[in-house]
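All remarks here apply to the structure that follows.
Letters go in sequence order (proteins before strands), and every chain restarts at 1.
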Amino acid sequence: MTLLESILTGLDEARRHLGQTLLALAGVVLGTASIVTVLALFGGQAQLTQQYLDEVGGAGTLIAGDAPRSLAPTARELASERLTYRDARYLRARSTTLEALAPGWELNLPYRANGRDFSGQVAGAVPDYARINAIRPMAGRWLSDLDLETRSRVMVMGWKYADSLFDDAASAVGRLVNIGGKQFTVVGVMEREVFRFASWEDNALEYRNERAYIPLSTAFSQFAQTDNLSFMTLKAKPGMVEQAEDEVRALLYARHGVEDFELRPSGSFGGGGESGQFLLLFNYIFLVVGAISLFTGGIVIANILLASVVERVRDFGTRMALGATPGGVFTHVLAEALVVTVLGGIVGLAIGAGLTGTVARVMQLPAAVTPGIATLALGTSVVVGLAAGLYPAVRAGRLSPVEALRYG
Amino acid sequence: MAALIEARGLTKTYRLGQVDVQALRGADVDVARGEFVAIIGPSGSGKSTLMHLLGCLDTPTAGRYVLDGEEVGGLHGKRLAAVRNRKVGFVFQTFNLMPRLSIEENVALPLKYRGGIARRERRARAVAGLEALGLGHRIGHRPEELSGGERQRVAIARALVGGPAILMADEPTGNLDSKAGAEVMRTFEALHAAGNTVILVTHDPNVAARAERTIEMADGRIVA
Ligand SMILES: Nc1ncnc2c1ncn2[C@@H]1O[C@H](COP(=O)(O)OP(=O)(O)OP(=O)(O)O)[C@@H](O)[C@H]1O
Ligand SMILES: [Mg+2]
């Protein structure tokens, strides 16, 4: 008997045992549907995370910062000046793997403007910072090289500050704002940065709207006695992130004589937040439900198959008397299991696609059943079918014709 | 006439737990092409065991067996299945039709297991076989819709469809009333008359009387 005929016979048997087949199908359908939905939502999450990473500077951006001080610092550690503006200049001069770099400084300072007082973040930045982070002013302008050279007392406000201090964000341009007792002129307001992991979530990028940027050189001269940096944003040349990380590490180590700095990919911290946690939990629940259903479906199939093999022992004996080989009987039973699970897989895939669409619409999440997910789901049902059919098939294939004919 | 079956010292020992059951204790059997032989004997004497060995359903514990010029005594599994499929047609006491298949699907089964025969041709040969046994009007029916005698004739058509060298039947009338049994026996006689070799196992002296020759068994041995 050829493989094709075994499969046709299997189909036949599945059709003829429709009741049992439907029962077994239910498990496989539920399992496949759950897995498809979870994978589609996972895929949507991955896509969101990628978008978030792009939003905060994209893959290929590194952040350098001071490492926490040791409890018992060595002499070298004490001698190091930590991350400075000179480090940034040195890297810019020596690095072959970086496309751009932006040294940064930040401090919480008292703000006073438009008759209001509060404390908020002030960031010392360079012109490249906006380019690396792909942010633009919505009104006025961004910091210029001239601002840096002349240490001018100008300020570019984040959208939230401008919006809450003045009637509307754009009207902040040209106004005076006092920070840390020094008067600054607002020359620009940045576009609002918004990124939500889910429609009901808070804006994951709101922190970027709650600050004001001043020239880094001004920050040093007005608010710091040193040129110590809070961080450095490094943009690697395309496809050179790893080389850039190694090179920057080596160059900084050479200057500091000790590894008192940290290097990490941008966006690797913080992203996702609560919504990420929630969705992850949601996904795990679905995945566990899917795995359990598939497993149960598999066991149900194996049991039904085993029972139907026992029920048909004499039939198999007769088939062998008519010339069926042990291998043919084995394939016959396996094909029955496969037919049931593949059928269940296809129905489950359809239901999963529908479920994904509904969840995506109701929760406003990106999620799609890709060809890869469909293949994986069907592949899983084939594997479950093979696993469930194996034992009954081996049992049937091992029957001796005479024993089988005498059975029952 | 050329020997179709040549068996020497056929022995079959079944192992039941710790006990060996000697179902067959060395049987010599010769059957010529075209013969009609009945195997008779009391219950448990080894008739079915002998038939299973001659029909290649089982492998003897000891002994030599040449079927249609081919040494088959040592064959197992797939090879034995192939011999069975090509050379032997079986008819059982309980008909053993597949309940969910139509009668022509049932009859076509041996051709399916032979492989390499297109579905359409298998069906055509099955239909022809059924018509030859006067069952043409039953095509498309399920076995359960047929009478016992008709079912057994379907089983005979199935046994014949592959053109076997020998037709074997174990108590083919055992589950039939006398009228249906007589009808089935007429079928066997007609097949014999047409040149087929037939071996059947029976308890019934009337049935045995229809055969050309009887092999009588007792306690695992051929006694006459
Ligand atoms: N598969 C088996 N396992 C164990 N013992 C068996 C097996 N097949 C047959 N026997 C035993 O071998 C002996 C011969 O059995 P067999 O079926 O050949 O007898 P029989 O002549 O066909 O009897 P009956 O007329 O009742 O059908 C019996 O004692 C039987 O119990
Ligand atoms: Mg018997």
Inset, instruction - Kindly compute the distance separating CG (A:L405) from CZ (B:F90), expressed to the nearest 0.5 Å. - result: 8.0 Å

Legend entry - B:R25 CZ: over 12 foreign heavy atoms closer than 6.0 Å: yes

Legend entry - Crowding at CZ, B:R8 (>12 non-hydrogen neighbours, <6.0 Å): yes

Inset, instruction - Between chain B and each of A:P401, A:G327, A:A321, count heavy-atom pairs under 4.5 Å; write down the option with the most. - result: A:A321

Legend entry - Separation of B:R114 CZ from A:L322 CG (nearest 0.5 Å): 11.0 Å

Legend entry - Part of B:R86 within contact of chain A (heavy atom distance under 4.5 Å): neither

Inset, instruction - Could you tell me the separation between the CD atom of A:E403 and the CG atom of B:D58, rounded to the nearest 0.5 Å? - result: 8.0 Å

Inset, instruction - Indicate whether the side chain of A:R406 and that of B:S48 have a donor and an acceptor atom separated by less than 3.5 Å. - result: no

Inset, instruction - Looking only at non-hydrogen atoms, find the nearest pair between B:M98 and A:D315 and report the distance. - result: CE-O, 3.5 Å

Legend entry - Portion of B:P164 that has a non-hydrogen atom of chain A nearer than 4.5 angstrom: neither

Inset, instruction - Kindly check if the number of other-residue, nucleotide or ligand heavy atoms within 6.0 Å of CZ (B:R15) is above 12? - result: yes

Inset, instruction - Any chance you could measure B:R79, atom CZ, to A:T325, atom OG1, to the nearest 0.5 Å? - result: 13.5 Å

Inset, instruction - Side chain from CB out, backbone as N, CA, C, O: work out which of these in B:L57 comes under 4.5 Å of a heavy atom of chain A, or both, or neither. - result: both

Inset, instruction - Heavy atoms only: give me the nearest B:A81-A:A324 pair and the separation to one decimal. - result: CB-O, 3.8 Å

Inset, instruction - Decide yes or no for B:L80 and A:M320: does some side-chain heavy atom of the first lie under 4.5 Å from some side-chain heavy atom of the second? - result: no

Inset, instruction - Could you tell me the separation between the NE2 atom of B:H52 and the OG atom of A:S400, rounded to the nearest 0.5 Å? - result: 9.5 Å

Legend entry - Distance, nearest 0.5 Å, that separates CG of B:L109 from CZ of A:R319: 5.5 Å

Legend entry - Test log, rule side chain to side chain contact (heavy atoms under 4.5 Å, CB included), inputs A:V402 and B:Y14: CA-CA 11 Å; A:V402 170; B:Y14 291 109; 4.0 Å; yes

